[in-house]
Amino acid sequence: MRKIQFGHSVLHALLVLATVSVATTAKADRCKAIKIETDQKLSDVEIDFQLFFQDEAISSSDSMVTAPELSDGSNIDLCFESNQSGLVSLWSYSADGSAPSRLLPHEYTQIGSYEPGLKVEPGKKYCLSELLVQDKKIAIKVRPPFGRAQAYLHFAKDENEQFGPEDFPVISDKALKTATSCGDSPVARSGALRSYHSVELAYEVVE
């Protein structure tokens, strides 16, 4: 299996939740923080966002009440379905409050990491595992840091309401305050995106 060096970690061609080391990193390439509201909804949009672990499906709403415990190294999947056409991006937030990783689009998905989001059709179910490049040995695994982590789904009808190549979403004021800028460019703050639908899914990473 192909090994890839990311900073101090050696990973075996994995997409990893709860760490920023594998995806197109916010720290290196994405350094404009945009504050988003995790409860923002579009009135005509309904999205079913689920985490699949073993034989269990966990909905985003249930996870916010009781976050499931996922062991280090667990194989999972993320699936979603929208009643409207639009663009979807998926992000992973670790327990240590670091800048998030973008899971979709990603260099290991069938749509390139340069795209603002996956174009989705209404009523069609999409799963991250099925969107991976199939000729590579790639798995979706949960990895440390340990503690409460989140997956965030960002839906927009227009690509201007998705994140640009230097942008990344932040879901806490702490992360927004510690964000750095790209060179001399100002850090994007609240209100940069206005018309979007957000869904959050929480889980606990345990040993």
Side-chain angles (χ1 to χ4, degrees), residues 11 13-26 36 38-39 45-84 86-95 98-113 115-134 136-145 147-156 162-163 168-169 171 196-206:
L11 305 177
L14 303 174
L15 286 180
V16 176
L17 293 179
T19 179
V20 300
S21 61
V22 65
T24 47
T25 59
I36 51 92
T38 56
D39 59 352
V45 174
E46 295 180 2
I47 294 178
D48 182 22
F49 186 29
Q50 294 182 314
L51 184 150
F52 286 85
F53 170 63
Q54 296 179 344
D55 295 326
E56 186 176 2
I58 302 161
S59 69
S60 57
S61 56
D62 289 344
S63 77
M64 300 310 293
V65 176
T66 304
E69 292 187 350
L70 304 177
S71 300
D72 177 18
S74 298
N75 290 304
I76 69 161
D77 202 359
L78 294 171
C79 298
F80 55 90
E81 181 179 332
S82 170
N83 69 331
Q84 300 286 338
L87 293 166
V88 166
S89 60
L90 293 178
W91 303 78
S92 172
Y93 293 83
S94 65
S98 302
S101 300
R102 190 172 74 160
L103 300 178
L104 179 71
H106 188 280
E107 63 179 305
Y108 292 140
T109 56
Q110 296 170 27
I111 56 169
S113 58
E115 296 287 350
L118 172 70
K119 293 181 180 179
V120 298
E121 301 174 6
K124 182 176 179 179
K125 183 178 180 179
Y126 298 86
C127 291
L128 187 55
S129 62
E130 298 173 357
L131 296 169
L132 298 175
V133 178
Q134 297 301 312
K136 297 181 183 294
K137 295 182 178 180
I138 303 171
I140 308 168
K141 287 184 177 290
V142 174
R143 298 303 305 269
R148 188 181 179 91
Q150 291 139 301
Y152 169 66
L153 184 151
H154 187 91
F155 173 92
Q162 275 290 352
F163 301 94
F168 68 94
I171 57 178
Y196 60 90
H197 192 98
S198 59
V199 189
E200 185 181 13
L201 195 156
Y203 55 97
E204 294 280 341
V205 182
V206 298

Exercise for review: Just say parallel, tilted or perpendicular for the rings of Y126 and F80, cut-offs at 30° and 60°.
Suggested key: parallel

Answer whether the closest heavy-atom distance between the side chains of [X] and [Y] falls below 4.5 Å.
X    : Y    : answer
F163 : R102 : no
V206 : S71  : yes
P68  : S63  : yes
F49  : L90  : yes
V120 : F155 : yes
Y152 : I36  : yes
I140 : L132 : yes

Where do [X] and [Y] come nearest, in terms of heavy atoms and distance?
X    : Y    : answer
S89  : P105 : CB-CD, 4.4 Å
A95  : P145 : CB-O, 4.2 Å
N75  : F53  : O-CD1, 3.8 Å
G73  : K141 : O-NZ, 3.4 Å
E107 : V133 : O-CG2, 4.5 Å
S92  : L103 : CB-CD1, 3.9 Å

Review point. Of all residues at least two apart in sequence or in a different chain, which pass the salt bridge (charged side-chain N to carboxylate O under 4.0 Å, His left out) check with D72?
Key: R143

Exercise for review: For D77 and F52, indicate whether the former's side chain and the latter's backbone hold a donor-acceptor pair under 3.5 Å.
Suggested key: no

Practice item. May I ask you to decide if T38's main-chain N or O and S198's side chain share a donor-acceptor pair within less than 3.5 Å? Key: yes

So how far is it from [X] [atom1] to [Y] [atom2], rounded to the nearest 0.5 Å?
X    : Y    : atom1 : atom2 : answer
S60  : D48  : OG    : CG    : 7.0 Å
L104 : L153 : CG    : CG    : 8.5 Å
H106 : I111 : NE2   : CD1   : 11.5 Å
Q150 : Y203 : CD    : OH    : 8.5 Å

Practice item. Starting from the C-alpha separation in whole Å, work towards a yes-or-no answer on side-chain contact (heavy atoms from CB on, under 4.5 Å) for L70 and V205. Key: CA-CA 5 Å; L70 304 177; V205 182; 5.7 Å; no

Check your understanding: Pairs in or reaching into residues 52-68: which pass salt bridge (Lys or Arg N to Asp or Glu O under 4.0 Å), with residues at least two apart or in two chains?
Key -> none

Check your understanding: Is the number of heavy atoms from other residues, nucleotides or ligands within 6.0 Å of CD (Q110) greater than 12?
Key -> yes

Exercise for review: Could you please spell out the steps behind the side-chain contact (heavy atoms from CB on, under 4.5 Å) verdict for T109 and L118?
Suggested key: CA-CA 10 Å; T109 56; L118 172 70; over 6 Å; no

Point to revise | Listed partners of E81 passing side-chain contact (heavy atoms from CB on, under 4.5 Å), at least two apart | key: K125

